[in-house]
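Working notes, beginning with the structure itself.
In what follows, every heavy atom counts, from backbone to side chain, and hydrogens, waters and symmetry copies are set aside. We name chains A, B, ... by the order of the sequence lines, and we start the count at 1 in each one.
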Amino acid sequence: KAGVTQTPRYLIKTRGQQVTLSCSPISGHRSVSWYQQTPGQGLQFLFEYFSETQRNKGNFPGRFSGRQFSNSRSEMNVSTLELGDSALYLCASSLSAGLGTNEKLFFGSGTQLSVL
Amino acid sequence: AQSVAQPEDQVNVAEGNPLTVKCTYSVSGNPYLFWYVQYPNRGLQFLLKYITGDNLVKGSYGFEAEFNKSQTSFHLKKPSALVSDSALYFCAVRVLSGGYNKLIFGAGTRLAVHP
């Protein structure tokens, strides 16, 4: 069974540009969560999608947005990039995000975004 | 506010010695607690979790964690460290937000095991 796939692996952008990151969850998983990882802040929750609906959102500005498609693949978009957006963006999938007794998050390897 | 804290940025231990990576939490209700590990240039991998039951939870790669309700702690342990255990370790807790569950993570602890 293939794991969580994130593309691209690396991205270099300049301030003011916008970027789209992609995540394909494990087959059968319907929930996709996004996290931002930086050395100083650790992992910060961005948002979570389930069946094409955003169910949870972290404390990030509106420049950060996402969506989920009917096949559960998800995209994350960041507009008007700032230097502080440089980070590793991680996607995680789970069956339902209820995170109950038999559930856990499966992470992709991430997209490393550098904003110059 | 619901949160999880990892008080140590880095833990250094000699190979063969026992290791402990600390985690404390603050949540309402009964906690669901997790440990994840991140190797260089990789995503996070699940190690173990505590839902209910025995306070000592065993996980992957010989790791275990001890849940202590009175101290609101969930420390990760291993009896004998390996150099290959060197990685970044994250503690996480499940919280209810907006009617749905999500994981919030600690800042991470870097474990360095020296030969």
Would the number of heavy atoms belonging to other residues, nucleotides or ligands and lying under 6.0 Å from CZ of A:Arg73 be above 12?
yes
Contact class of B:Leu96 relative to chain A, heavy atoms under 4.5 angstrom:
neither
When rounded to the nearest 0.5 angstrom, what distance separates CD1 in B:Ile104 from CG in A:Leu43?
11.5 Å
First locate atom CG of A:Leu46, then atom NZ of B:Lys102, and finally report the distance between them rounded to the nearest 0.5 Å.
10.0 Å
Atom CG of A:Asn77: over 12 foreign heavy atoms under 6.0 Å
yes
Main-chain N/O of B:Phe105 paired with A:Tyr35 side-chain donor or acceptor, under 3.5 Å:
no
For atom NZ of A:Lys57, is the number of surrounding heavy atoms from other residues, nucleotides or ligands below 6.0 Å larger than 12?
yes
Interface moiety of B:Gln45 toward chain A, non-hydrogen atoms closer than 4.5 Å
neither
Should we count CZ of A:Arg63 as having more than 12 external heavy atoms under 6.0 Å?
yes
Go through the steps to decide whether A:Lys104 and B:Leu103 satisfy the test side chain to side chain contact (heavy atoms under 4.5 Å, CB included), and finish with yes or no.
CA-CA 10 Å; A:Lys104 59 193 179 198; B:Leu103 285 190; over 6 Å; no
Could you see if B:Val27 belongs to whatever hydrophobic cluster contains B:Val57? Use Ile, Leu, Val, Met, Phe, Trp, Tyr and a side-chain cutoff under 4.5 Å.
yes
Under the side chain to side chain contact (heavy atoms under 4.5 Å, CB included) criterion, do A:Phe107 and B:Phe46 qualify, and how do the steps go?
CA-CA 9 Å; A:Phe107 283 82; B:Phe46 172 82; over 6 Å; no
Once rounded to the nearest 0.5 Å, what's the spacing between atom CG of A:Leu90 and atom CZ of B:Arg42?
12.0 Å
Rounded to the nearest 0.5 Å, what's the gap from CD on A:Gln37 to CG on B:Leu44? Could you check?
6.5 Å
Residues clustering with B:Leu82 (ILVMFWY side chains joined when closer than 4.5 Å, directly or via others):
none
Under a 4.5 Å cut-off applied to non-hydrogen side-chain atoms, are A:Leu105 and B:Phe34 in contact?
no
Mark yes when over 12 heavy atoms from residues, nucleotides or ligands other than A:Asn71 sit less than 6.0 Å from its CG; otherwise mark no.
yes
